Each structure stands twice: as structure tokens, then as C-alpha cells.
Number of protein chains: 2
Amino acid sequence: MKSTAESGEGPDGFNLEEFLPYRLSIASNRVSRLFAKQYSEQFGLTIPEWRVLAVVGRFGTLSPTSVGQYTAMDKVKVSRAAATLVARGLLKQSPDPKDGRGRLLRLTRKGSTTHNGVVPLAREIEATLAAGLTRAEWTALNKALIKLNEHVMAIEGPDPGEATD
Amino acid sequence: MKSTAESGEGPDGFNLEEFLPYRLSIASNRVSRLFAKQYSEQFGLTIPEWRVLAVVGRFGTLSPTSVGQYTAMDKVKVSRAAATLVARGLLKQSPDPKDGRGRLLRLTRKGSTTHNGVVPLAREIEATLAAGLTRAEWTALNKALIKLNEHVMAIEGPDPGEATD
DNA sequence: CGCAGTTGATTTCATTTACAACGACTCCCC
DNA sequence: GGGGAGTCGTTGTAAATGAAATCAACTGCG
């Protein structure tokens, strides 16, 4: 139905399939699904959870707010992801001695073990993706996304940078 | 906190900010938000709704299934978007004379009017996005996304191609 | 014909998500 | 040192989402 006759321009010359924002949305979705599947199967983690784990693992000790900045998730999502990670014993949450409102997140020993598995898997999946493109295409994609991000951010106001998954 | 000292590699050399799937997700989100805002303000349409409208407007008469294929939305989303468009008088739904199970969607006069405004807005927003990149970067982005899409599709099985918004 | 299997579309339900309000606390200026 | 303004993190609530169940109608084969 899609692959048969029609594939050129319609009466108004508008073709959704060739529309970049649409392609971007689909690509992002497919990649997210791929990640979600892998992380769910191998570690029982959702994407917000592994992002928190990755960032805390990298920096050692972080406040939920900082985690939010590094992962581009809002504080609600961080809070909930952190809560389930704490419940599972992968993260420890303690009060911030410097600020009674704040909390500090760090890996437990168990969390550290998981983290050691999580990062390689991320790299592996990324490598799998990269394998579909030439090296030049891959770097071009990277650069274009960076520029696009900055540009859109400039347009809509820098405020609510956010990632859905 | 993000823009200060830290920006190189962590102890494990993993930097979420430089991780392509992450960038892809954020870019897609920002762009989607931009679209959602514009379409909501100017036409009171959600993204699924304008996609349906765009596709039906282009092809004239379509079944919900076909709409789903063209827009990469699952049938539930199409069904709901179509229902609200019908309720608003932008779309008409009639039984398919060839197949009692099927329905046919087409624009009403009012829907046609809206469609005439919707497509230029899409083009305008796309142009705004493109303005942030050089022409070469833009085409590279397009090509890379196409390849990435095909590649991921090949990996995870061709089945549930889907767009979130 | 009759019935088993399949497909088109909608509906239902459990889960996920965003948005808003909240309590606890800090900051700062009077 | 007291009080308004702002921030940190959590919780509650309402909307959006996808998976599976449902219903109707077509197809094919005995």
C-alpha cells in the first residue's frame, strides 16, 4: 500500500515521509525501543533508571538536581527512578549535610556491579547502530544533531530540556 | 554545574552527553515540543491529529490502516485521532462499500480549509529548523536518519514501526 | 452451506507521563 | 532574628500511551 504506486508528491506537494521532524521522531523511537528492550531484558532497568545509574556511576556522588541536568530529565522522573533504584539496593540516598533540603545519591556495592555491566551494554548498542552507517555519516549525524539541538533550544527558550524515555 | 569544570570523560570514560542515542532522543523531543506548541496554538491540533489530517489531505480518501502506515502510528492512535477529528467536523468517516469491516476517511470542507493552513505551517517550521544548519549538514542529517532507520528496523525486526507523538 | 481462521477497527485496562501543589528547608534583607 | 521569596525533592492527580481483549465482517476450505 505504501510501497506500490504512490511515493511522489501529492496534490499539495507535501509528503510526510520526507518530512524531517517526522523521520527524526521515528528514528528516535526505534532506537529508544531497542534500548528499552535490551536494558529491560538484561538488567530489568527502564531507560530513566539506567540513565540515573550511568550518571551517578560516573560522578560518584550527585544530587537529584544534578542528575536531572546531566540526563535532561525533570526532577520528577529522577526522583521516581532514584526511588526504585534505592528500593532495589542499587543506590543509596543520604541527606546532604550542606543543605537540609538536598539529598545525595551514590552507588551501593551492588549498584556498582550493575553499573559495570550497564556501560558496556550501552557502548555495544551504540556500536551496533554505528555499524549501519559509514564513519563519515555517523560523525555527520552527530554534528548535525548537536547543532539542531542548540538551534531548537535557542528558538523555544532554553528552559525545559527533556527526554521522554 | 554542567557547563563548568566537568565535560571530559569520567572514570569509566562514559559520557552520557556524548552518547548518540541520548542526543537523538533529546533532539526529537525538542522538535516535537516545538511542533506540538505551534499546532496546538494555531489549530488546536495534537501531533497525531495533524499527521492524520496531513495524510488524508494528501491522498484524498484513506482507510485508518493506510493512515497508520503512512504516519507510522499504531491503529489505536489513528483511531483516536480520527475520532476527535470527526467530532470536530474536520473529517468524515464512512463505511467502505468494498469491505464491511473497513472505514474510509476523507476531509470535510472545513477539514480541507484547515488542511490548507496546516501544511504551510509544517513547512515553515521545518524551514526554521533548517535555518540552523548549513545546507550540507541538513542533507547529511536527512540521509543519516534514513539509513539509521533502515538499519534499526533490520535489527529489531521490521514489525512495530511507531512514532510517539 | 458452514465453520475455522484472519483481518479491520474500536474499546478496555494497566502503566507511564506530565503538571501542579505541597512540606521542608535555605537565603537574604530589613 | 524574623519573615518573605525562592529552591529541593516528593507526592497526588489527570491525561496519554500501548497491549490485549472485543466485536464485526471477510476468506477459504471441506
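By convention in this document, chain letters (A, B, ...) are assigned in the order of the sequence lines, proteins followed by strands, and residues within each chain are numbered from 1. Computed from a prediction, not measured in an experiment: that's the story for all the values here.
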Side chain to side chain, Thr113(B) and Thr108(B), heavy atoms closer than 4.5 Å: no
At less than 3.5 Å, do the side-chain atoms of Arg33(A) and the base atoms of dG18(D) form a donor-acceptor pair? no
Between dT10(C) (P) and Met73(B) (CE): distance, integer Å: 12 Å
With no hydrogens and no angle check, do the side chains of Arg23(A) and Asn149(B) hold a donor and an acceptor under 3.5 Å apart? no
Atom CD1 of Ile47(A) and atom P of dT17(D): how far apart are they, to the nearest Å? 17 Å
For DNA chain C, which residues in residues 85-105 of chain A have a heavy atom at a distance below 4.0 Å? Asp99(A), Gly100(A), Arg101(A)
In whole Å, I'd like the distance from the CZ atom of Arg80(B) to the P atom of dT12(C). 11 Å
Ignoring backbone atoms, establish whether Lys75(A) has a side-chain N or O less than 4.0 Å from OP1 or OP2 of dT10(D). no
Consider side-chain contact (heavy atoms from CB on, under 4.5 Å). Of Leu104(A), Val67(A), Leu90(A), which one does Val56(A) pass it with? Val67(A)
Using whole Å, report how far NZ of Lys37(B) lies from C1' of dC19(C). 17 Å
Nearest whole Å is fine: how far is dG8(C) C1' from Leu62(B) CG? 15 Å
Rounded interatomic separation in angstrom, taking CG from Asp74(B) and P from dT11(C): 15 Å
Is atom CZ of Arg106(B) surrounded by more than 12 heavy atoms (other residues, nucleotides or ligands) closer than 6.0 Å? no
I need the NZ-C1' distance between Lys77(B) and dG8(C), as an integer number of Å. 19 Å
Across the strands shown, which category fits Val76(A) at heavy-atom distances under 4.0 angstrom: base, sugar-phosphate, nothing? base
Tell me, with the steps shown, if Phe19(A) and Phe35(B) meet ring-ring contact (aromatic ring centres under 6.0 Å, His included). CA-CA 13 Å; Phe19(A) 192 52; Phe35(B) 268 79; 5.7 Å; yes
Taken to the nearest 0.5 Å, the spacing of Leu129(A) CG from Leu141(A) CG works out to 10.0 Å
